[in-house]
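All remarks here apply to the structure that follows.
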Amino acid sequence: MSAGALVDLLGSDVLEAAPALLGWTMLVDGVGGVIVEVEAYREDDPASHSFGGPRGRNVVMFGPPGHAYVYRSYGIHWCLNLVCEPEGCGAAVLLRALEPTTGLDEMRRRRDLQDARMLCSGPGRLTQALGVAKAHDGLALDAAPFSFSAPTAAVPVDATERIGITKAVERPWRFVSTGTTFASRGSRASARPRA
DNA sequence: CAGTGGATGCTCT
DNA sequence: GAGCATCCACTGT
């Protein structure tokens, strides 16, 4: 199985683990797809929830790697992170977009939306499509309801600046699968490349 | 097409 | 009381 390989990967430096997560397939209760966009956050990073040490909602980020950190964003959305690096480091990878492959009908029902390109093309969107919420905060990733499988071939990666933050914006810690049309930017009808 | 603003809850000042 | 690791509807070109 890939569960052991996943935990090994997440136990390494978050700047290594984040780009290496692209191409992995993630399912939650059998619904999900291929990871195409992520961002790295860590404790020495003013944009990170873990900046300044373990307090309140961020304590899961300082726990062992291979667990889910779920928080509420802007009072409305849930965002899903994978905790990285050895226990106590406060590093995690934010999942920003998936290419939906499994359970499309379930995702369409949850999102009340047909277009596969829009189902998981943003951190709040993918949690809604996969049914991820506060109940998943702190859960281990190598057990139900999570299921991960490794990519079968190397995935080319672009590194860019992170989205939606106001501090440390210059760090190029957003990683996107080269050429994907399922990322949170470039996936909207208005921003799609012309045919 | 781009730009703006509202919804809504938790953390921190 | 402000500020968010956001999304969507609505406006004006």
Side-chain angles (χ1 to χ4, degrees), chain A residues 10 14-15 17-19 21-22 26 33 35-63 65 67-85 89-100 107-138 141 157-177 181-195:
Chain A
L10 296 180
V14 70
L15 295 182
L21 281 168
L22 299 178
M26 180 183 73
I35 299 170
V36 298
E37 179 186 358
V38 300
E39 286 176 358
Y41 289 89
R42 65 186 200 188
E43 191 184 4
D44 68 350
D45 170 9
S48 174
H49 290 173
S50 58
F51 186 67
R55 284 186 320 262
R57 65 177 174 182
N58 74 15
V59 293
V60 172
M61 285 185 75
F62 291 87
H67 289 247
Y69 167 50
V70 180
Y71 69 92
R72 197 186 276 284
S73 176
Y74 291 90
I76 299 181
H77 306 285
W78 298 104
C79 291
L80 171 62
N81 296 251
L82 312 186
V83 175
C84 290
E85 302 193 356
C89 291
V93 174
L94 170 68
L95 299 187
R96 289 194 55 92
L98 305 181
E99 176 178 343
M107 288 189 260
R108 289 190 170 110
R109 191 182 60 74
R110 288 169 174 157
R111 296 265 297 129
D112 190 24
L113 189 157
Q114 290 303 306
D115 184 357
R117 291 242 153 75
M118 299 296 290
L119 287 177
C120 299
S121 61
R125 292 167 175 171
L126 82 84
T127 54
Q128 185 184 9
L130 270 56
V132 169
K134 181 71 173 173
H136 297 82
D137 188 34
L141 298 171
V157 176
D158 294 335
T160 73
E161 293 179 352
R162 294 175 292 182
I163 293 179
I165 57 173
T166 56
K167 299 169 211 157
V169 294
E170 72 287 353
R171 301 189 188 189
W173 290 355
R174 173 178 178 252
F175 304 97
V176 185
S177 296
T181 56
F182 293 88
S184 63
R185 298 263 173 107
S187 59
R188 288 158 49 178
S190 61
R192 255 179 240 156
R194 280 187 275 177

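By convention in this document, chain letters (A, B, ...) are assigned in the order of the sequence lines, proteins followed by strands, and residues within each chain are numbered from 1.
- Atom P of nucleotide dG9(B) and atom NZ of Lys134(A) are separated by 14 Å, given to the nearest angstrom.
- Counting only distance, with no hydrogens or angles, the side chain of Glu39(A) and the backbone of Arg96(A) share no donor-acceptor pair below 3.5 Å.
- Between the side chain of Arg111(A) and the backbone N or O of Met118(A), at least one donor-acceptor pair lies under 3.5 Å.
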- line: Secondary structure of DNA chain C per the Watson-Crick/G-U criterion (both distances under 3.5 Å; [ ] crossing, | other strand, . unpaired) is ||||.|||||||.

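- Note: CZ (Arg72(A)) to C1' (dT8(B)) measures 8 Å, nearest angstrom.
- Counting to the nearest Å, the P atom of dC7(C) and the CG atom of Leu119(A) are 13 Å from each other.
- Using a 4.5 Å heavy-atom cutoff, the side chains of Arg125(A) and Cys120(A) are not in contact.
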So which protein N/O to nucleotides 2-4 of chain C N/O distances come out below 3.5 Å?
from: dC4(C); atom 1: OP1; to: Thr166(A); atom 2: OG1; distance (Å): 3.1

Kindly list each side-chain donor-acceptor pair under 3.5 angstrom involving residues 72-83 of chain A, sequence neighbours excluded, with atom names and distances?
from: Arg72(A); atom 1: NH1; to: Ile76(A); atom 2: O; distance (Å): 3.2
from: Asn81(A); atom 1: ND2; to: Tyr69(A); atom 2: O; distance (Å): 3.3

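- Using a distance-only test at 3.5 Å, with no hydrogens or angles considered, a donor-acceptor pair links the side chain of Arg162(A) to the main chain of Ala168(A).
- Atom CZ of Arg111(A) is separated from atom P of dT6(C) by 15 Å (rounded to the nearest Å).
- Here Arg171(A) pairs with nothing under the side chain to side chain donor-acceptor pair (under 3.5 Å) rule; sequence neighbours left out.
- Residues Gln128(A) and Val93(A) each lie close to DNA chain C; by heavy-atom proximity, the contact nearer the 5' end of the strand is made by Val93(A).
- Remark: Arg174(A) engages Glu37(A), Thr160(A) in a side chain to side chain donor-acceptor pair (under 3.5 Å) (not counting sequence neighbours).
- No contact: Gly56(A) has no heavy atom under 4.0 Å from any strand.
- Between Leu15(A) and Trp173(A), some side-chain heavy-atom pair lies under the 4.5 Å cut-off.
- Looking only at distances, a side-chain donor or acceptor of Asn58(A) sits under 3.5 Å from a matching main-chain atom of Arg55(A).
- Scanning for side chain to side chain donor-acceptor pair (under 3.5 Å) contacts around Glu85(A) gives an empty result, with sequence neighbours left out.
- Going from atom CG of Asn58(A) over to atom C1' of dA5(C) covers 13 Å, rounded to whole Å.
- In this structure, Arg96(A) reaches the dT6(C) phosphate: one of its side-chain N or O atoms is under 4.0 Å from OP1 or OP2.
- Whole-Å rounding puts the Asp115(A) CG to dC8(C) P distance at 11 Å.
- Contact annotation: Arg55(A) does not reach the phosphate of dT11(B) (side-chain N/O to OP1 or OP2, under 4.0 Å).
- Here the C1' atom of nucleotide dT11(B) and the CZ atom of Arg57(A) are 6 Å apart, to the nearest Å.
- Of the two residues near DNA chain C, Leu113(A) and Leu94(A), the one whose nearest nucleotide lies more 5' is Leu94(A).
- Residue Arg174(A) is classed as having no contact, given no heavy-atom separation below 4.0 Å to the nucleic acid.
- Listed candidates were dC8(C), dA5(C), dA7(B). Nearest to the side chain of Ile76(A) is dA7(B).
- One atom, CD of Glu39(A), and another, C1' of dT6(C), lie 12 Å apart when rounded to the nearest Å.
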